Amino acid sequence: MYAVDNAWVQDQYRSPLRFAFSPDADERVLNLLIEDAMTAAHAAGLGQRSTTQRARRRVTGAVRGTVAGRALVDVGGVWPAVTYPDRLVPGVGVDHMFRHKMQVEGLLDPDTNVLHLEGVREAEHALAAVDVETVLLARVGEVRATSVSLEVYPGVSVVVSQEGSDDDLRVSFTSGEVVPVEVKSMGSARTPTSVLVLPATFADMAEPVALLNGGPHRKTARSSVPSPLARLPDRASR
């Protein structure tokens with residue numbers, strides 16, 4: 001991606017090359033190219049806001065598709081509005097939150113055409129069907145030698161400890177990967193308070209959970225990144 005100036009002639013790092021050496025890298029490289037293009041456009045003064053910003057307005061629209069980690073929403077304008085899933089839940093792919101024709105509501109910034117959604121579903125509603133012995137998919141958070149934090153839903157994490165063992169959990173778990181867990185106890189807010197890590201083969205038994213009303217279930221959503229479950233050894237518990 002080349003900027004409008006000629007600085008890249010003197011400094012080759014001003015225009016880095018992006019390579020995708022495998023299909024798994026396609027989305028990552030595409031996002032880098034988009035970031036390069038937006039940075040260059042901003043430096044060239046394109047798309048600058050006017051000195052008088054217009055107020056955001058509440059709109060409702062239908063998702064028309066996803067591209068480069070963004071969802072495109074038809075809100076009745078000439079161009080579709082753009083929404084950024086990572087601003088709602090960092091680390092969750094766009095295909096895990098949006099699906100074609102689902103209805104979304106938020107505040108539209110007319111200066112940037114960005115649709116700002118207000119948040120994911122409340123945990124007590126999203127996890128209403130969850131009870132003891134329910135299998136869920138959990139995202140690994142902080143990993144220590146004897147404990148690991150597992151996020152069963154955005155904002156709902158459970159710490160699993162392993163005391164009296166020589167095994168270092170940092171060898172078995174990696175922050176950001178996804179593992180199946182069985183709920184062992186529920187709290188007063190109807191959210192899990194303790195879980196048991198299951199072998200990777202239990203992933204297909206996970207209870208589907210939608211992050212947004214009308215959105216895809218995390219269990220069945222497709223992603224261009226291979227599931228880290230395939231890399232995990234089977235283990236009964238930690």
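Remember, predicted model here, so these are calculated numbers, not experimental data. Values reported hereafter were calculated over all heavy atoms of this structure, with side chains retained and with hydrogens, waters and symmetry mates removed.
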Value for OG (S185) from CG (L196), rounded to nearest 0.5 Å, stands at 11.5 Å
Atom CD of E207 and atom CG of D131: how far apart are they, to the nearest 0.5 Å? 10.5 Å
Quick one: closest heavy-atom pair of A138 and L150, and the distance? CB-CB, 4.0 Å
Cluster check L107, L88: I/L/V/M/F/W/Y, side chain < 4.5 angstrom: no
Please step through side-chain contact (heavy atoms from CB on, under 4.5 Å) for the pair V130 and M186, ending with a clear verdict. CA-CA 9 Å; V130 174; M186 299 287 291; 4.1 Å; yes
So OG1 of T83 and CG of L212: to nearest 0.5 Å the spacing works out to 8.5 Å
Minimum-distance pair of heavy atoms, taken over all atoms of A81 and L108: CB-CD1, 3.7 Å
Taking C-beta and beyond as the side chain, do V209 and L127 meet within less than 4.5 Å on heavy atoms? yes
Atom CG in L211, atom OH in Y153: separation rounded to 0.5 Å? 5.0 Å
Taking the side chain as every heavy atom from C-beta outward, state whether L115 and V82 have any atom pair closer than 4.5 Å. no
Assigning hydrophobic clusters by single linkage (Ile, Leu, Val, Met, Phe, Trp, Tyr; side-chain heavy-atom cutoff under 4.5 Å), is L72 placed with Y84? yes
What I'd like to find out is whether the side chain of E142 reaches to under 4.5 Å of the side chain of V148, using heavy atoms alone. no
Check: N113 side chain, P80 main-chain N or O, donor-acceptor pair, under 3.5 Å: yes
Side-chain donor or acceptor of R139 paired with backbone N/O of V178 under 3.5 Å: no
Taking atom CZ of R58 as the centre, does the number of heavy atoms from other residues, nucleotides or ligands within less than 6.0 Å exceed 12? yes
CG-CG distance between L136 and L198, expressed to the nearest 0.5 angstrom: 10.0 Å
Do E105 and E118 have side-chain heavy atoms sitting under 4.5 Å apart? no
Keeping S147 on the side-chain end and V160 on the backbone end, is there a donor-acceptor pair under 3.5 Å? no
Can a donor-acceptor pair be found, under 3.5 Å and without considering hydrogens, that links the side chain of R170 to the backbone of V143? no
Any non-hydrogen side-chain atom of V197 less than 4.5 Å from a side-chain atom of F173? yes
In terms of heavy-atom contacts, V63 and R99 come closest through CB-O, 3.5 Å
Over all heavy atoms of both residues, which pair between V152 and P192 is shortest? Give the atoms and the distance, please. CG2-CG, 4.1 Å
Crowding at CD, Q103 (>12 non-hydrogen neighbours, <6.0 Å): yes
Greater than 12 external heavy atoms within 6.0 Å of R144's CZ: no
Linked, directly or transitively: V181 and V132 (ILVMFWY side chains, under 4.5 Å): yes
Please report the closest heavy-atom contact between S157 and S149, naming both atoms and the distance. CB-OG, 3.8 Å
Shortest non-hydrogen separation from D168 to A145 and the atoms involved: OD1-CA, 3.3 Å
Taking a hydrophobic cluster as the set of Ile, Leu, Val, Met, Phe, Trp and Tyr residues connected by side-chain heavy atoms closer than 4.5 Å, whether directly or through intermediates, do V195 and V159 fall within one such cluster? no
Return the CE to CD distance between M205 and E182, rounded to the nearest 0.5 Å. 8.0 Å
By side-chain hydrogen bond (donor to acceptor under 3.5 Å, both in side chains), T60 pairs with (sequence neighbours left out) none
